[in-house]
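Residue indices begin at 1 and follow the sequence shown. Note that ligands are numbered from 1 as they come in the structure, with each ligand's atoms numbered from 1 the same way.
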Amino acid sequence: MENSHIRVLLVDGQEEDCVLTRRLLSKAMSKHLVLERVTGYERAREAIRQNAHDVYLIDYRLGERTGLDLLREAIYDGCKAPMIMLTTQADHHIDTEAIKAGAADSLVKGQITATLLERSIRYAIERKRADERMAYLAQYDSLTGLANRSLFKELLSLALARAERSGKHVALMYLDLDRFKIINDSLGHDAGDHVLKVVAQRLRSRMRRSDTVARLGGDEFTVILEGVGTVQDATKVAQELLHIIALPITVQDQEIVVTPSIGIAIYPQYGTDPETLIKHADIAMYRAKRQGRNAYRFYTTETGGKAYEHLALESRLRRALDRGEFLLHYQPQIEMASGRIVAMEALLRWRNPDRGMMPPDEFIPLAEENGMIIPIGEWVLWTACRQNKHWQEAGLSPTRVSVNLSARQFRQKSFVEMVERVLHETKLAPQYLELELTESLLFESNGTSINRLKELKALGINISIDDFGTGYSSLSYLKSFPIDALKIDRSFVGDIPNSLEDSAIAGGMIALAHGLKLQVTAEGVETRAQFDFLQERGCDLIQGYLLSLPLPAEDVTTQLRTGYLLVA
Ligand code: C2E
Ligand code: MG
Ligand code: MG
């Protein structure tokens, strides 16, 4: 605002008032001011429609109609510049009405000083600019200046609507840089940012003004090509993009080369709505990666189908950790005798952008298969320990946090070291961590598992056997393995007390655990009848919907503040 002029339109019928306002204004900001004035209501409305001013000063008294009416109509007409209402002593209660209607400020004429007026105008304009900047930031990626994900989706919808009318094709390209993580990890984030900026610039320079280039986040970009005549057109663009992106980039005095993998989906053959088209372009991109990277692939029905749904999920899963899409819910375990909360089980959730919140059973098997469970599991452990430490620091009564493990994690040579490091970094005392292992996990790890368990135990943490009864039938391991507790699988709990068999099994497990001096927890307790049965059999801890669903950390904080959960 320093050098440019501020164009002010004063809407005021009172001659004397105008002279006064003009004088105050020129005193406050004489150098930068261009003041115009209109008197009548209709002429004012007309002038505001011209959209040629930076700020409007509107008198409340405008004859038959009021300044408030004008303000409302101006906003209705789409006026973007701020409006300041001027009232007299007699109608100064209009303030709130005016602000509610959208005025930037409301000033009482007799009380206006030069400073007050200047400040009011300056703030009104600055606030307007800040709003516009916010609106801009919400649509553009701050690093590259390209459209962001939300604007991209909007533009894609518009492009598809246009294509529907014109009968033309649209090509959606999904680009992901190959091995970008290596650049970030070895040269640092500044270098990574630089590369992203250069790539963005190259993409933009190649495309026509009417084409959209967006950054979806990380190293993922999209390009919308409108009015595509043939597949050859899209091919030509894809080839050129491969070429220009792969030109050397100078980073920290060295030249590096990055390549993209590009997936292309054509409207309307392979998707008529934005979501489907994006998904298909992503699948095709993933195929390009699988087949050696630095290439483009078109989505076709042959690439579709179940196998590629699976691939798409896998590619999403690989990126989910970096994108912060995982979260933990916590479910309390209570001591039956007292109702005291003694532990919180951390249960993993995935907020998948395409499918919404996903339970662990739907993606952990895949994560185990492709090895992603290692970094994901480490994240879970870290997050759960840090959360527990937070609760303790907030003065809540200390409880254990229990974390589920997969066999693949447990098999890692460096697993014990990792646990030790997490405890050290989060400063959580080991007795407040419990690890839940399954029977099959212990047996899959043939031989090494007992030693690994002993090492874990030596750290001072608790170990429990999860889903007890669903794994191996040999129980001899129970006496030689250093474990603290058994968790009766919820499949045995569901039908007690009605099923005599399940009741006998659950009762037997409780007796077995106690005979071995182990604690026993019943999972999946949903009814009062189950609760009564388990209590009668002397079960130590219970967990289940009867007490609480697994909840986000904030909600669990309330439970921990009380420290007890009682069954009605
Ligand atoms: P789990 O360790 O046996 O966890 C208990 C499961 O029972 C949870 O399912 C929980 O939501 C559910 N549950 C709790 N109370 C009740 C109830 O009263 N009735 C019924 N019907 N269900 C109840 P969730 O959260 O879907 O987790 C499923 C499994 O996924 C877990 O079974 C665990 O084996 C695995 N899992 C969860 N988080 C992780 C993790 O961070 N890492 C690994 N490796 N596995 C995890
Ligand atoms: Mg568990
Ligand atoms: Mg379980």
J.: For Ile376, which part has a heavy atom under 4.0 Å from ligand 1: side chain, backbone, both, or neither?
T.: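 Contact part for Ile376 vs ligand 1: neither.
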J.: Any nitrogen or oxygen of Ser406 lying under 3.5 Å from a nitrogen or oxygen in ligand 1? Just yes or no.
T.: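 So ligand 1 has an N or O lying under 3.5 Å from an N or O of Ser406.
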J.: Are Lys487 and ligand 1 in contact, using a heavy-atom cut-off of under 4.0 Å?
T.: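 No, Lys487 has no heavy atom closer than 4.0 Å to ligand 1.
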J.: Answer yes or no: is there a side-chain heavy-atom contact under 4.5 Å between Ile266 and His280?
T.: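 Counting from C-beta outward, Ile266 and His280 never come under 4.5 Å.
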J.: Does Leu546 reach ligand 1 with a nitrogen or oxygen that is under 3.5 Å from one of the ligand's nitrogen or oxygen atoms?
T.: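 Leu546 vs ligand 1: no N/O contact under 3.5 Å.
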J.: Report, rounded to 10°, the angle at the Mg ion (ligand 2) between the two atoms OE1 (Glu436) and OD2 (Asp466).
T.: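 Vertex the Mg ion (ligand 2), arms to OE1 of Glu436 and OD2 of Asp466: 80°.
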J.: Mind checking whether the Mg ion (ligand 2) has an N, O or S of Ser402 under 2.8 Å?
T.: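 It does not: Ser402 brings no N, O or S atom closer than 2.8 Å to the Mg ion (ligand 2).
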J.: Give the atoms of ligand 1, by number and element, whose distance to some non-hydrogen atom of Glu523 is under 4.0 Å.
T.: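 Every atom of ligand 1 under 4.0 Å from some heavy atom of Glu523: 3 (O).
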J.: Any nitrogen or oxygen of Arg490, main chain or side chain, under 3.5 Å from a nitrogen or oxygen of ligand 1?
T.: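 N/O-N/O distance under 3.5 Å: yes.
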J.: Under 4.0 Å from any heavy atom of Gly544, which atoms of ligand 1 are there?
T.: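 Under 4.0 Å from Gly544, ligand 1 has these atoms: 15 (N), 18 (O).
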J.: Which ligand 1 atoms does Gln331 reach within 4.0 Å, using its non-hydrogen atoms?
T.: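 Per the distance check, 14 (C), 15 (N).
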J.: Anything under 30° is parallel, anything over 60° is perpendicular, the rest tilted; go ahead and classify Trp350 against Phe363.
T.: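 Judged by the thresholds at 30° and 60°, the geometry between Trp350 and Phe363 is perpendicular.
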J.: Please find out if less than 6.0 Å separates the ring center of Tyr432 from that of Trp391.
T.: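 No: the rings miss the under 6.0 Å criterion.
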J.: Going by heavy-atom distance to atom 33 (C) of ligand 1, choose the closest among Ile364, Asn404, Asp361.
T.: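 That would be Asn404.
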J.: Work out the angle at the Mg ion (ligand 2) between OE2 of Glu345 and OD1 of Asn404, rounded to 10°.
T.: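 Value returned, to the nearest 10°, is 90°.
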J.: I need the atoms of ligand 1 closer than 4.0 Å to a non-hydrogen atom of Gly524, numbered in the order shown.
T.: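 Under 4.0 Å from Gly524, ligand 1 has these atoms: 16 (C), 17 (C), 18 (O), 19 (N).
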J.: Which ligand 1 atoms does Val525 reach within 4.0 Å, using its non-hydrogen atoms?
T.: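 Every atom of ligand 1 under 4.0 Å from some heavy atom of Val525: 18 (O).
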J.: Answer with yes or no whether the side chains of Asp467 and Thr470 bring together a donor and an acceptor at under 3.5 Å.
T.: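 Absent: no donor and acceptor within the cut-off.
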J.: Does one side chain, of His329 or Asp555, offer a donor that lies under 3.5 Å from an acceptor on the other?
T.: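 No, no side-chain donor-acceptor contact under 3.5 Å.
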J.: Taking NZ, NE, NH1 and NH2 as the nitrogens, is one of them in Arg408 or Glu368 under 4.0 Å from a carboxylate oxygen of the other?
T.: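 No, no charged N to carboxylate O under 4.0 Å.
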J.: Just going by heavy-atom distances, which of His329, Arg349, Glu526 is nearest to atom 25 (O) of ligand 1?
T.: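 The residue whose heavy atom sits nearest atom 25 (O) of ligand 1 is Arg349.
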J.: Applying side chain to side chain donor-acceptor pair (under 3.5 Å) between Ser402 and each of Glu436, Gln331, Glu434, report the one that passes.
T.: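 Checked Glu436, Gln331, Glu434 against Ser402; only one passes side chain to side chain donor-acceptor pair (under 3.5 Å): Glu436.
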J.: Nearest 0.5 angstrom please: Leu456 CG to Leu435 CG, how far?
T.: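 Going from the CG atom of Leu456 to the CG atom of Leu435 covers 6.0 Å.
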J.: Any salt bridge linking Glu314 with Arg290? Criterion: basic side-chain nitrogen under 4.0 Å from a carboxylate oxygen.
T.: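 Looking at Glu314 and Arg290, the cut-off is met.
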J.: How many angstroms lie between atom OG of Ser261 and atom CZ of Arg297, to the nearest 0.5 angstrom?
T.: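 It comes to 9.0 Å.
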J.: Within less than 2.8 Å of the Mg ion (ligand 2), any N, O or S from Asp467?
T.: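 Looking at Asp467, which is the residue asked about, there is no N, O or S atom under 2.8 Å from the Mg ion (ligand 2).
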J.: Could you pull out, from Leu347, Thr383, Leu328, the option with a heavy atom nearest to atom 31 (C) of ligand 1?
T.: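 Result: the heavy atom closest to atom 31 (C) of ligand 1 is in Leu347.
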J.: Do Ser338 and Glu335 meet the criterion of a side-chain donor-acceptor pair at a distance under 3.5 Å?
T.: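 Their side chains do contain a donor-acceptor pair, which is all the 3.5 Å distance test asks for.
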J.: Which of the atoms in ligand 1, numbered in the order shown and given with their element, are less than 4.0 Å from a heavy-atom of Asp466?
T.: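 The atoms of ligand 1 under 4.0 Å from a heavy atom of Asp466 are 1 (P), 2 (O), 3 (O).
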J.: Charged N to carboxylate O below 4.0 Å: is that the case for Arg421 and Glu378?
T.: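 Yes.
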J.: Which bit of Gln543 is near ligand 1, meaning a heavy atom under 4.0 Å away: side chain, backbone, both or neither?
T.: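 Neither part.
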J.: Can you list the atoms of ligand 1 that are under 4.0 Å from a heavy atom of Pro550?
T.: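 Close to Pro550: 11 (O).
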